[in-house]
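Below you'll find the structure, written out as structure tokens, and then a few comments.
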Amino acid sequence: MSGVRVRFSPAPTGYLHLGSARSALFNWLYARHVGGTFVLRIEDTDPDRSRDDLIDAIVENLAWLGMEGDEIHRQSVRFDAYLEVAEDFVTRGLAYRCDCTQEAVKERLAAAGSAGGYDGFCRDRTVAAGPGVVIRFRTPDEGTTAWDDVIRGHVSFENAVLEDFVIVRGNGAPMFHLANAYDDLDMKITHVIRGEDLVNTTPRVLLLREAMGADDHPVYAHLPLIVNEKRQKLSKRRDDVSVGDYRDRGYLPEAMRNYLITLGWGPKDGIEIRPLAEIIELFDIVDINKAPAFFDVKKLDHFNGEYIRALPTEEFVARSTPWRDSGAAPVPPDLYERLAPFVQQRVKRLDEVAGLLDWVVADAPEPTPEDWRKVMGADGVADVLDGVIEKLADAPWDSASLEQVVLGVGEELGRKSQLPVRLAVTGARAGLPLFEPMAELDRDVVLERLRSARAKL
RNA sequence: GCCCCCAUCGUUCAGUGGCCUAGGACACCUGCCUUUCACGCAGGCAACACGGGUUCGAAUCCCGUUGGGGGUGCCA
């Protein structure tokens, strides 16, 4: 066990965001790589968000991806410690109380022609504690706050641009910077691996930490953001960001995990799809990329397809069963088991399985006009259909015989006979191998579909 | 506005001064396999944003430009 301690510290949101999942994963991977400790710390300093149901969703999705905290903490039960530190800051003159309303601050800022921040109005006033009174941390007016980021290199901020920020809310609850700085120190976190959207809060945390008496700070590694096709940070409103939604759509956790890892990092040998154990061995935060990465669902689909096909058939059946009956009609389990190998070979998501079997368990869908024209418009289709209808009337009803009959008719006529039969029976040009599923259908049903198609020629 | 960051094929990762006529993967295109599709196989298309330096030598180092992103809450 190395002394490395990393943490994933999400705010409770009721779902696990893709970006958060990736951050968690990189922390977890690094901990496993060096034999360190992965701490899960729920940052529920906002009382409105400190709800068990919001937290459970995150824990469950992390577990789905194969991660669980070696330690689990919750900031809402540690308020006293944070508040004590804040009081200490006030008595030491490092922080002060402020009773400015947010509106008043905004007005003064606007009048001064400034866009944001706080103007230091209460810095030298003496405000008594009370409802609505916040505590602000006094940031230095001079100097710089900087650190050497593992991924970004040297990052530095002029203290002058840092405004005095709130560390305790008017309702008495601590703010995240305070709790975050305190806990990283208290929990002896050695490496902070998190999204780049948090770089600019790092100086605050560093300053707070220093004020708490720390003479060092964790190693920071700010991950590149995951972006959408417009190269913007993934957002809940615009993009599909909920890990749970991907699970519902039939992505395998191991595929999702493997794909997420390739966003911002890649093994030197270029082999992206590989066992977790190998990834843990190869992974290191120093090799993480700086540039934002686009979340490419098509590539995720490819990964997922690879993982699906690699599953032993029984496992594929078991894992795809929750999606089995979501099509036009329920699929009988024994039938599903017989046809599963064919299904497994052609789905990229588990939620596609039912659609492939619709024509077997329900009426065949109406062919698209284009498909109909391309297939049924060919020469000799009527003869093919007539021949197949005739021979199928008393042929043995098993897949081998069906194949023999259909292909046999084609050979006699010197035509490819599968496509017209396929379109007539399944309603589509593409799909499962024809004869095995067709043998599952009753003779009457097949003949009826063939006759109906023949009649429409 | 101010602060911070980023910049190799459409996408993603590799490449850390010469091995690069820049490699892998996804996507796309073409064949092969197959009387469907998919899988598989063989090919193809396709990038170092621009301009200055430094150096015998730059995708790799420095500066600038342009472009993009993030932040700027009593959310985290």
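The structure displayed is predicted, hence computed values, not measured ones. Letters A, B, ... mirror the listed sequences (proteins, then strands); counts begin at 1.
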Legend entry - Watson-Crick or G-U wobble partner of B:A22, both distances under 3.5 Å: none

Legend entry - Spacing between A:R136 atom CZ and B:C74 atom C1', to the nearest angstrom: 8 Å

Legend entry - Atom-pair distance (CZ on A:R274; P on B:G24), nearest Å: 17 Å

Inset, instruction - Please give the nucleotide sitting opposite B:A49 as a Watson-Crick or G-U wobble pair, both distances under 3.5 Å, or none. - result: B:U65

Inset, instruction - Scan A:S417 against the nucleic acid and name what it touches under 4.0 Å (heavy atoms): base, sugar-phosphate only, or nothing. - result: base

Legend entry - Face-on cation placement of A:R22 at A:F26 ring, 6.0 Å and 45° thresholds: yes

Legend entry - Nearest-angstrom distance from the residue atom CE of A:M438 to C1' of B:U35: 14 Å

Inset, instruction - Using both distances under 3.5 Å as the test, list the Watson-Crick or G-U wobble partner of B:G1, or none. - result: B:U72

Inset, instruction - Using a 4.0 Å heavy-atom cut-off across all strands, classify A:L432 as base, sugar-phosphate, or nothing. - result: base

Inset, instruction - Could you state the atom-to-atom distance from CG of A:D371 to P of B:U36 in whole Å? - result: 15 Å

Legend entry - Closest to the A:N289 side chain, choosing from B:A76, B:A14, B:C6: B:A14

Inset, instruction - May I ask you to say what A:R422 touches in the nucleic acid, namely base, sugar-phosphate or nothing, with a heavy-atom cut-off under 4.0 Å? - result: base

Inset, instruction - May I have the distance from A:E436 (atom CD) to B:A38 (atom P), rounded to whole angstrom? - result: 18 Å

Inset, instruction - Could you check how far CG of A:L54 sits from C1' of B:C75, rounded to whole Å? - result: 13 Å

Inset, instruction - For the side chain of A:H302, starting at C-beta, report the closest nucleotide among B:A27, B:C6, B:C37. - result: B:A27

Legend entry - Check: A:K299 side chain, B:A25 base, donor-acceptor under 3.5 Å: yes

Inset, instruction - Among the candidates B:C4, B:C74, B:A76, find the nucleotide nearest to the side-chain atoms of A:V199. - result: B:C4

Inset, instruction - Could you tell me whether A:T426 contacts a base, only the sugar-phosphate backbone, or nothing, with contacts defined as non-hydrogen atoms closer than 4.0 Å? - result: nothing

Inset, instruction - Check every strand shown and say whether A:E43 touches a base, only sugar-phosphate, or nothing at a heavy-atom separation below 4.0 Å. - result: sugar-phosphate

Legend entry - A:Y246 ring center near A:F295 ring center (under 6.0 Å): yes

Legend entry - A:V155 side-chain proximity, nearest of B:C3, B:C5, B:C13: B:C5

Legend entry - Donor + acceptor pair across side chains of A:R74, A:S50 (<3.5 Å): yes

Inset, instruction - Return the 5'-most residue of the pair A:Y259, A:K233 with respect to RNA chain B, ranking by each residue's nearest nucleotide. - result: A:Y259

Inset, instruction - Please find out if less than 6.0 Å separates the ring center of A:F8 from that of A:W28. - result: no

Legend entry - Pairwise 5' ranking along RNA chain B for A:L263 and A:L419, keeping only the more 5' one: A:L263

Inset, instruction - Establish, yes or no, whether the cationic atom of A:R78 lies under 6.0 Å from the six-membered ring centre of A:Y182 and within 45° of the ring axis. - result: no

Inset, instruction - Could you check which nucleotide pairs with B:C32 in any of the strands shown, counting Watson-Crick or G-U wobble with both distances under 3.5 Å? - result: B:G40

Inset, instruction - Can you tell me the distance, in whole Å, between the CZ atom of A:R429 and the P atom of B:U35? - result: 17 Å

Legend entry - A:L225 side-chain proximity, nearest of B:G40, B:A14, B:G69: B:G69

